[in-house]
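Each remark here refers to the structure printed beneath this line.
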Amino acid sequence: MDLMKTCEEVTLLIESENYKVLSRQDRLATKIHLMMCKGCKNYKKDSKLIHEMLQVKFKDLSSYEFSLEEKVALRDKLSKEL
Amino acid sequence: MNTTKGISHTDLVENHSDYLLSFAMTKLNDLDLAKDLVQDTLVSALTKLDTFEKRSKLRTWLTSILNRKIIDHWRKAETRYTDPISSFFDQDEKKGHWLMEKSTSGNFETIVDDISKQETMTELSDCLDTLPAKWRGIIASKFLEEKESEQICNDFDITSSNLWVIMHRAKLLLRDCLKNKWI
């Protein structure tokens, strides 16, 4: 059983964990790696925070409006389609 | 006034166009493109009003047409990009360890005391705009519409392992971009 993973592999596993349940071996390998590697530990923390930021960012629609002129043009365009 | 099923083009424009534009902008962040797609959406909606079933809400139906158009746009969008992985991890001898300058922590939590701050969100938007359009679309599908991974993979015509790889690369780039803004 190969439990030694590279930082590239471990950070990919950290991301995949948001979408699927990791296998026991992958979970263990990640845990071992994180005990030894500060860079990946930092990544995991930052990744979680960015995940939360994205949740906040996309929670509400940002509000946009067509101008009055654009609406008139849109109505004209649509009435021609009928 | 021209109406079909009691829905007029004035109704579509007055009551729904701004909502559709906001939806498209949240997903695309390109105002001209968003306006074009909303117009296309309203035109197709009018031409197929007879397929609209009153059981669903008009807005939901319109949003689904718009969404289809956005997905079509992303599918057609240029997808060639340089995999950023080699700027983060040492590719020599397949070691795959962090390159020195990329391994340091952003110490994000000490910098972002309130992640919902307007300024932080603006910075995040700027960084999202630096990603390939399709990646941004995938992120929007996940976080805005909370779509299941399987649905996202179908929409974007990718496998689930592609999805994890894309999210991984996107996170690396976002983290790097935010770090550069903050430190």
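Each chain gets a letter, A, B and so on, in the order the sequences are listed, and its residues count up from 1.
Heavy atoms closer than 4.5 Å to chain A are found in both the backbone and the side chain of B:F143. Both the backbone and the side chain of B:A140 come within contact range of chain A, with heavy atoms under 4.5 Å apart. In this structure, the portion of B:V38 lying under 4.5 Å from any heavy atom of chain A is its side chain and not its backbone. Using a 4.5 Å cut-off between heavy atoms, A:E8 contacts chain B through both its backbone and its side chain. For B:S149, the part lying under 4.5 angstrom from a heavy atom of chain A is the side chain only. For B:L20, no part lies under 4.5 angstrom from a heavy atom of chain A.
Note: B:D155 CG to B:E145 CD = 8.0 Å, rounded to the nearest 0.5 Å. How far NE2 of B:H168 is from OG of A:S47: 8.5 Å, rounded to the nearest 0.5 Å.
Between chain B and the residues A:S63, A:A73, A:S16, the largest count of heavy-atom pairs under 4.5 Å involves A:S16. Ranked by heavy-atom pairs under 4.5 Å with chain B, the list A:V10, A:L54, A:D60 is led by A:L54. The candidate with the highest count of non-hydrogen atom pairs below 4.5 Å against chain A, out of B:L144, B:I139, B:L172, is B:L144. Options A:Q55, A:K48, A:H51 differ in how many heavy-atom pairs under 4.5 Å they form with chain B, and the most are formed by A:H51. Among the candidates A:L74, A:I14, A:L13, A:L12, the residue making the largest number of heavy-atom pairs closer than 4.5 Å to chain B is A:L12. Contact count versus chain A (heavy atoms, under 4.5 Å) is highest, among B:E146, B:K27, B:E14, B:Q39, for B:Q39. Between chain B and the options A:E9, A:K5, A:K20, the largest number of non-hydrogen pairs under 4.5 Å is found for A:K20.
Within the structure, every pair that satisfies the disulfide (SG to SG under 2.5 Å) test and touches residues 122-159 of chain B, not counting sequence neighbours, is listed here: B:C127-B:C177.
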Quick one, B:E150 with B:N154, criterion side-chain hydrogen bond (donor to acceptor under 3.5 Å, both in side chains). Give me CA distance, side-chain angles, the key distance, then yes/no. CA-CA 6 Å; B:E150 199 183 323; B:N154 277 338; 5.0 Å; no
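Look at B:K181 and B:E123 and you find no salt bridge, because none of the NZ, NE, NH1 or NH2 atoms lies under 4.0 Å from a carboxylate O.
Here the two rings, on B:W98 and B:F88, have centers that are 6.0 Å apart or farther.
By the salt bridge (charged side-chain N to carboxylate O under 4.0 Å, His left out) test, B:K35 pairs with A:E70, sequence neighbours left out.
A parallel orientation is assigned to the rings of B:H97 and A:H33, their planes being inclined by less than 30° (bins at 30° and 60°).
Side-chain atoms of B:S64 and B:N67 include no donor-acceptor pair closer than 3.5 Å.
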